[in-house]
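One-based numbering, in listed order, for ligands and for the atoms of each. Quick caveat: nothing in here was measured; it's all calculated off a predicted structure. Along the sequence shown, residues are numbered consecutively beginning with 1.
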Amino acid sequence: RFRQEVRDFLGKEMPPDWMAVEFNPEQELETKEDWAFCRSLRRKMAEKGWLSLWWPKEYGGQGRSRIDYIILREEIFYRGAVGFDGLACIMLAPVLLAYGTEEQKRKHLTPIARGEVQWCQGFSEPNAGSDLASVTMRAREDGDYFVVDGQKCWTAMGQHADWGFFLVRTDPNAAKHRGLSFLLVDMKTPGISINPVYNLLGHPHWNEVFFDGVRVPKENLVGGKNQGWYVATNVLNSERVSIEQYAICRRALDRLLQYVKQKEPLAENPVIRHKLAALATEAEVCRLFCYHTAWMQDKGLNPIHEASMGKSFADDVMVHIADAGLQILGLYGQLGRGSKWAPLAGTIEATYLTYPPWTIGSGSQEIQKNIIAIVGLRLPR
Ligand SMILES: Cc1cc2nc3c(=O)[nH]c(=O)nc-3n(C[C@H](O)[C@H](O)[C@H](O)COP(=O)(O)OP(=O)(O)OC[C@H]3O[C@@H](n4cnc5c(N)ncnc54)[C@H](O)[C@@H]3O)c2cc1C
């Protein structure tokens with residue numbers, strides 16, 4: 001019933017001809033009006049209590065299950081709907097609830113639940129990606145403030161963000177995992193500058209973010225000084241529950257199926273039928289991984305290697321769908337949304353160009369496998 005309620009809402013609110021092709025539909029917004037639509041849809045989701053669906057009621061949540069939350073995210077991404085700020089809702093909110101002070105919870109959870117803010121994540125740096133503990137952005141104490149200098153990269157939504165959560169180095173002399181802290185930063189603070197970085201479709205997906213003497217109040221420290229690694233790894237665990245990856249795979253697969261069914265020789269071709277059957281099976285496994293991790297969260301468990309298994313599996317499915325799409329559509333599959341010859345409004349071009357990079361986001365396949373080996377299989381570090 002809840003799934004149907006979400007579908008009905010999206011069917012009513014989204015333009016009927018809306019056909020998102022990117023992983024992250026916000027990347028396809030171009031005009032001021034597009035962004036205004038995005039913000040208004042976010043507020044409507046907020047009015048329904050969906051952004052904070054599983055949070056405790058005392059912080060503006062509905063106290064619903066994580067399974068319901070997965071259903072919500074699945075439907076939103078399948079429809080390619082804009083407005084759901086995953087950075088705030090999926091990544092930040094769980095750690096604020098777990099590690100935030102009462103004041104931080106009151107100050108930041110309410111605007112997230114109301115759909116009033118956009119957040120960004122400042123973890124990666126030019127020399128700290130997979131090896132995230134090598135972060136060098138430096139935060140020095142100065143009275144009631146940290147003064148922060150350094151550079152982040154690959155900061156998605158940085159150019160639109162009101163606030164960001166940043167991993168910074170507060171103790172350069174400690175072992176590298178132990179000298180990090182997690183700071184909430186108002187993106188309008190003087191000293192922050194931002195340069196866009198474009199993805200393969202030419203959309204400004206990422207940003208370089210530079211900090212030059214940025215003053216951050218100490219009250220914005222989450223989880224204690226030099227405890228940032230533990231907060232950050234929990235952010236990443238939440239990010240790796242990959243229902244969005246499943247939803248966009250299923251969307252591309254359903255569009256491919258529709259195409260094949262309309263072209264009878266293709267629909268009867270046993271090679272293509274088997275390829276589609278195998279992809280549907282993979283996608284279903286991917287979905288079940290996500291429901292399993294949500295079920296664990298509902299039981300109060302913390303899915304670490306389970307989330308990595310799901311993410312790693314979903315990464316493969318994304319690449320398989322992109323490959324299959326190009327094989328089935330042939331060279332027309334390369335044509336983009338602007339071309340009248342592009343089948344499926346350029347879905348396969350976008351799939352091919354924007355899905356594979358996501359196999360690196362929130363930790364590459366190799367990093368997921370390292371986590372599975374260490375945490376899941378208890379192999380030595
Ligand atoms: C779509 C997308 C969105 C992103 N959004 C954000 C964001 O909003 N904020 C943010 O902070 N970051 C973001 N990132 C960055 C992302 O977290 C990093 O790209 C990722 O951690 C990998 O780091 P890197 O790109 O520096 O690659 P590297 O760490 O340089 O890795 C390069 C290659 O070496 C391999 N490798 C590295 N170490 C090992 C090892 N120990 N064992 C085996 N293989 C290894 C990797 O698997 C990879 O294939 C985003 C990335 C993507 C793709």
Side-chain angles (χ1 to χ4, degrees), residues 22-28 77 85-92 95 118-137 148 150-169 176-177 180 182-185 187 192 194-211 228-229 231-240 242 244-245 248 307-308 311-312 314-316 318-319 322 350-375 379-381:
E22 267 252 23
F23 185 117
N24 188 341
E26 274 80 14
Q27 299 307 324
E28 299 180 41
F77 271 76
D85 178 7
L87 292 147
C89 299
I90 301 170
M91 294 161 73
L92 178 66
V95 297
Q118 174 67 52
W119 281 80
C120 68
Q121 174 202 25
F123 283 11
S124 305
E125 296 181 3
N127 291 310
S130 302
D131 185 13
L132 186 59
S134 293
V135 153
T136 58
M137 180 174 264
V148 188
Q151 182 194 348
K152 295 291 175 184
C153 58
W154 310 119
T155 314
M157 299 299 279
Q159 73 275 49
H160 301 292
D162 305 295
W163 281 83
F165 47 94
F166 285 79
L167 193 60
V168 298
R169 186 157 300 283
K176 62 182 184 176
H177 295 81
L180 298 169
F182 190 94
L183 288 182
L184 308 177
V185 180
M187 294 300 284
I192 299 178
I194 297 177
N195 288 331
V197 177
Y198 294 83
N199 71 10
L200 288 172
L201 277 184
H203 298 149
H205 187 140
W206 300 285
N207 298 273
E208 300 177 297
V209 178
F210 297 91
F211 277 42
W229 180 250
V231 185
T233 48
N234 275 293
V235 168
L236 294 170
N237 286 343
S238 299
E239 188 184 2
R240 287 172 186 149
S242 41
E244 290 75 16
Q245 284 172 278
I248 58 152
S308 288
K311 160 78 170 69
S312 175
D315 287 345
D316 283 337
M318 290 201 298
V319 173
T351 303
Y352 210 84
L353 294 180
T354 67
Y355 286 17
W358 280 92
T359 64
I360 301 169
S362 73
S364 66
Q365 291 251 12
E366 289 76 13
I367 298 309
Q368 305 309 329
K369 286 182 178 124
N370 284 346
I371 294 170
I372 297 164
I374 294 166
V375 183
L379 291 169
R381 271 178 198 275

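Nearest protein heavy-atom contact of atom 39 (C) of ligand 1 is I367 CD1, 3.9 Å. The protein non-hydrogen atom at the shortest distance from atom 20 (C) of ligand 1 is I360 O, 3.7 Å. Protein heavy atom at the shortest distance from atom 2 (C) of ligand 1 is W206 NE1, 3.3 Å. Looking only at protein heavy atoms, the nearest one to atom 42 (N) of ligand 1 is N370 ND2, 3.6 Å. Counting only heavy atoms of the protein, atom 13 (C) of ligand 1 lies nearest to W154 O, 3.1 Å.
W358 and H205 have tilted rings, their planes meeting at an angle from 30° to 60° on a 0 to 90° scale.
Below 4.0 Å from some heavy atom of A156 lie the following atoms of ligand 1, by number and element: 7 (C), 8 (O). Atoms of ligand 1 found under 4.0 Å from any heavy atom of F123, numbered from 1 in the order shown, are 11 (O). Less than 4.0 angstrom separates some heavy atom of S130 from each of these atoms of ligand 1: 21 (O), 22 (C), 23 (O), 28 (P), 29 (O), 31 (O), 37 (C), 38 (N), 46 (C). Counting the atoms of ligand 1 from 1 in the order shown, those under 4.0 Å from a heavy atom of P357 are 53 (C). Atoms of ligand 1 found under 4.0 Å from any heavy atom of E366, numbered from 1 in the order shown, are 43 (C), 44 (N), 46 (C), 47 (O), 49 (O).
Proximity of atom 30 (O) of ligand 1 to the protein is not indicated, since no non-hydrogen protein atom lies closer than 4.0 angstrom. Distance screen at 4.0 Å: atom 6 (C) of ligand 1 has a protein heavy-atom neighbour inside the cut-off. Distance check for atom 23 (O) of ligand 1: a protein heavy atom is found below 4.0 Å. Protein heavy atoms are absent from the space less than 4.0 angstrom from atom 35 (C) of ligand 1.
Geometrically, ligand 1 and D131 share no nitrogen or oxygen pair separated by less than 3.5 Å. Between Q121 and ligand 1, at least one N/O pair is under 3.5 Å apart.
In this structure, of S124, A232, C120, the residue bringing a heavy atom nearest to atom 15 (C) of ligand 1 is S124. With G361, S364, G129 as candidates, the residue nearest to atom 26 (O) of ligand 1 on a non-hydrogen basis is G129.
Few gaps surround CG on D316; more than 12 heavy atoms of other groups in view lie less than 6.0 Å from it.
Residues E244 and N24 have side chains that never bring a donor and an acceptor to within less than 3.5 angstrom of each other.
Side-chain contact check for Q245 versus F23: some heavy-atom pair is nearer than 4.5 Å.
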Between E22 and N199, does a side-chain hydrogen bond (donor to acceptor under 3.5 Å, both in side chains) hold up when you go through it step by step? CA-CA 11 Å; E22 267 252 23; N199 71 10; 2.8 Å; yes
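Heavy atoms of F23 come nearer than 4.0 angstrom to ligand 1 in no pair at all.
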